[in-house]
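Within every chain, numbering begins at 1; the chains are lettered A, B, ... in the order of the sequence lines, protein sequences first and strands thereafter. In this text the structure is predicted, and so the values were computed from the model without any measurement.
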Amino acid sequence: MADMGRTRKKIIFAWIAGFLFLFLPAKNVFSMECVSSDVVRSITPPGVDQPSDLAIGAKGNIYLVDGVNNRVVVTSGEGALQFSFGKGGSGPGEFQYPLGIDIAKDGRVFIADTGNHRIQVFDAGGTFQYLFPVKTSDGEKPADPVDVLAIELKNYLYVADNDNHKIKVHQQDGTFEFEFGGFGEVRGRFRYPGILAVNEFNQIFVVDVLNTRIQKFDPFGNFIAEIGTWGVTPGGLFKPKGVAVDNTGRVFISDSFMGCVQAFTNLGGFIGVVCENGAKREFDTPVGMVFDAQNRMHVVEMRANRIRIVEVSE
Amino acid sequence: MKFFAYRRRISLYRIFTINLTFYMVIVLFWVVLLECPAAWAALEKSSKKECAMCHVMWLNVFRTEQETLIDWEPGNVLMKDTQGIVSAEEICYSCHDGYVLDSRHIAWKGNNHTTFKKLPENAKIPEPFTLSNTDEIYCGTCHTPHSEEAAAPEGDPDASVAGPNSFLRVSNTDSAMCEACHVNAADYKRTNGHPVHTDKLRIPDTLFETGSIPAEKKDSVICQTCHAVHGAKGRNLTVMDNRGSALCMVCHEQRSVTGTLHDLRLTMPEEINIKGERMSESGPCGACHVPHNAAGYKLWARKMPPGNPASGICLSCHKENTAADPGKENKAEIKGIGQYSHPNDVDIVSKSVLELAPTAITDKLPLYAKNGARQTEGTAKTVQCFTCHNMHQWDPVSPENKGGKDAIGDASTSFLRISAGLASMLCLECHRDKRQLLSYDHNLAVTAPEAENIQGRTAAVSGPCGACHIAHNAADKKLWARDPAPDSNDPADVSALQYCIGCHGENKMAKEKPVGENDHPVNVVSRGPQIPPADRVASMLPLYNEKGSTENGDRILCRTCHNPHIWTVGDEVISASGERKNIEGDARNSFLRKVASPAPDLCVVCHEDTALLTGTDHDLFVTAPSAKNQQNRNVTESGQCGVCHAVHNSPEKRLLWVGPYGPVAEDQHSMNGLCTGCHSKEGIAGDKIPPVAMHPPGQLISNIMWADTPFFGYIKLFDADWQEVNSGDLSCSSCHSFNQWNHRLAEQGPGENIEGNADTSFLRTSSDQAVCIDCHGQRAIWRYTYYHSLEKREMLKGLRPR
């Protein structure tokens, strides 16, 4: 009888322990996989409204797309305002809510002039050089270029055509080369492709926003891998927006809703969340990202109207 | 023992810890479930990815011990009568940030529709719209992704946020959704709100570039033509900042008052409109018009007087202080219209005040209904301030000339629809019958360019009409623009006469055409035995009362015979250049209301009997068309009457005689000279000379008896002033009238020079009946023959009557 009583108590204990284990998980008990970081500085250019993307020029100047104001704001690496260019409109040098930017090795500044369905090219001083429309085919919507990526290989210029769910590859002079993608959830297809990045192997990273992943392609549009999965746990992506590759090959992905940046290996393995004191470092709607020559991560915080420059541990 | 003691300690320890744990677990279990009710929801909910893209808090992972990158926030339950977690704004932004759809410049920039506020007490939200669980407007009031109407068109994953879907609860095509709630703010009729669903004006594409939403019929005005629910750039959710009325002027560009005196931001910045907005807030348009809850038909932004007359908006500033309204401050330091101003709010159709078809003036000068509606048809057409003035354009010729805040207007500017300067075309658009004025002497821009009216303006500035009349702040009811009594210090001496003699006098502007002492009498009552009743005259020529008005008028004034605006009746020649400067007038023109030559139409209105002269020997058109009077005018120039009588500047005061005055014997009546001027050897009627002397003077002849006998002609007697008397000497005019050839027949002459006899020859009556017989009885014929024929005198000497 005594054994039976003890057994009953053990069962009850086990039942209760199970509930305890189920309902009272102390989140802080388990340590998050982190990539530690330190903020170098924050830059808040005056008048900027919901900036989206940035690039770093040869002289270390930061080119920030202030699309709602139809301009590009240029600051020094330390944040001193240098100049801005562009205004609303559809003429040369005028923008309609641009989103993306990239700077070629030769210093040319490529702007995804989203609302005007075209790419505009400027010199480093913001002087208009030329423009060309993003190629669209019959049956497609007007092009919706949200980002550009200029690589040295074959002078390719990758354009994320958000509304047509494709990556459209042009020569940097505007000549259309080829396209890949299309609407869908399978590998190689997109639901709203966004920001682009490239690594040292000329592998192209495409943020696939509503498929909540980053897809990696070779320079000719052949699928290689996908990085990240749907979710709100570490390693998961909810609203991925930005992607950047540091000089060690790590792939950093910003998530605008979750307010975080996470690091992955080139093959898609989760490394960790960019952290601050062992916990997720909070970013305010992080979108476009880029690493500078010192391997410092520059993150555009869209609703905070600022750039956060962060040193991440290796 | 040690072993058993150890086991007992272990057992006690286990019993203690197990019991403690048991109770703690039970307590904590209930704490978790009872204190966190939302956890039940998480327990119940499970979701697929597509739902969780928005309803992130429904994710199963929050029900596990797994670490998440965001915290579980079970609150934010907004929608009434529902359970669960409605997504937050951040969820919307996570797609609408440009990387699925770009709504940053729409929903997250500028002003947005009020949210999280309770409705006004008198407002209701119709079905299917809903309020939050706290009865406030929230995003879900208008938006839901779950209604059929909200769904994007099939196959289109990118329903535009600006389009008809936009996850709205119902279609907002043509702003139908806006109107469902905002029924009280504006009834969408023109009485107090900007018209909607009308495509009277073309909506420029530039407006759509600012965020304006086109209606299905592109140029149709809808709420979203002017308002943006999200991302509005102006107050009141206007698609543009309208503090400078920029939004209004996108469509109403031609009505820009910016920079003019009507831009009250410049001239009356402290003024407030009906909504209590200062001019800096309302913009130049908002000073007078508001698009909603306005005071009247034209969307007035100022309180209107009773009856809501259309011109009330103007007079609210430009009204003079009146005794009836002493407390009202005249805002027009600003120009008041003065005591005497052009008639306003007058139905010109019913009053027929113009000598033209009223429809003829609507081409350039619109007429209005009483409420301010522009009238192109119908009968209720009134003159309002807007008839002559375009309040939105300072200079009718050059819209770019804004004038500025210190502008001083004249007849070429002053917000007039047509320039009233130089050619006074504004005035003459309605008063077309007065267009001849431009070509003749009364165009002072030509004949007296230096002369100034009471506003100190020359005719070149005021316009030809403005030289004598001004529409506002005039000197009297006739809108007189000149000193009404230049020769009088008595301010009450405002005689209508002065209109003319103010200029036509010695040392005055029109000194070349003075009116002198020997003129036709004026300012006298039109009556007398030979003058028709006043009402009969007034039916043909205007007579005036003592105040200068034609109402019950019985006085002759200058304007009885003269129309100062029309040089020649029936002459359509109009020249703005004044080519006919100072031409010499005659009886055919000279601003006469009726011509006096060749027919004496003017004179016979009053002097009816003179009409009988036509065609007789005394009609010089018949007998001496080239003969000239003392003013060196022939009958064509002077007219039949003017041959002998000059209405103005006659050399002879008596009878205004201007005909030749002939020899008169010293003992004869001076009036005989009127006849001998022609009936003498050198005269044009030298063949009609009574060869023998006249009747001897001093015979105390009386004609009283005859004067009481209307059936017969009677001899007239005249005194030395040629006025009729009843006792005096005979003169030619005693027996002869000047106009009626045959006293038996009141008819005009035959038009040829015929020989007379005892019944004709202008005799007042047959010579054998009255002229002589009255005194001389049967001897009359003998005496007449004896004294009038030398040839027969000798023969008659032996036949001397008894």
Worksheet item: What part of A:Ser256 is in contact with chain B, defined as an atom under 4.5 angstrom from a non-hydrogen atom: side chain, backbone, both or neither?
Response: side chain

Worksheet entry | Interchain contact, A:Val287 with chain B, by part (heavy-atom threshold 4.5 Å) | side chain

Discussion item. Taking the basic N atoms (NZ, or NE/NH1/NH2) and the acidic carboxylate oxygens, is any pair closer than 4.0 Å for A:Lys241 and B:Asp97?
Written reply: yes

Worksheet item: Any idea which of A:Gln262, A:Met302, A:Lys280 has the most non-hydrogen atom pairs under 4.5 angstrom with chain B?
Response: A:Met302

Practice prompt. Could you tell me whether A:Arg303 sits above the aromatic face of B:Tyr93, with NZ or CZ closer than 6.0 angstrom to the six-membered ring centre and within 45 degrees of the axis?
Written response: yes

Discussion item. Using heavy-atom distances under 4.5 Å, tell me whether A:Pro98 contacts chain B through its side chain, its backbone, both, or neither.
Written reply: backbone

Worksheet item: Quick one: what part of A:Gln96 sits under 4.5 Å from any heavy atom of chain B, side chain, backbone, both or neither?
Response: neither

Worksheet item: Is there side-chain contact between A:Glu226 and A:Arg187, with heavy atoms separated by less than 4.5 Å?
Response: yes

Practice prompt. Counting only heavy atoms closer than 4.5 Å, note whether A:Asp147 contacts chain B via side chain, backbone, both or neither.
Written response: neither

Discussion item. I'd like to know which of A:Asn69, A:Asp144, A:Val207, A:Thr212 tops the heavy-atom pair count under 4.5 Å against chain B.
Written reply: A:Thr212

Worksheet item: Can you tell if the side chain of B:Cys92 reaches within under 4.5 Å of the side chain of B:Trp108, non-hydrogen atoms only?
Response: yes

Fill in: Test: A:Asp161 and A:Lys166 ion pair at under 4.0 Å
no

Worksheet, complete the sentence: Okay, A:Val273 and chain B: the region with an atom under 4.5 Å from a heavy atom over there is side chain

Practice prompt. Specify the closest pair of heavy atoms between B:Ala52 and A:Trp230, including all atoms of both residues, with the distance to one decimal.
Written response: CB-CZ2, 3.6 Å

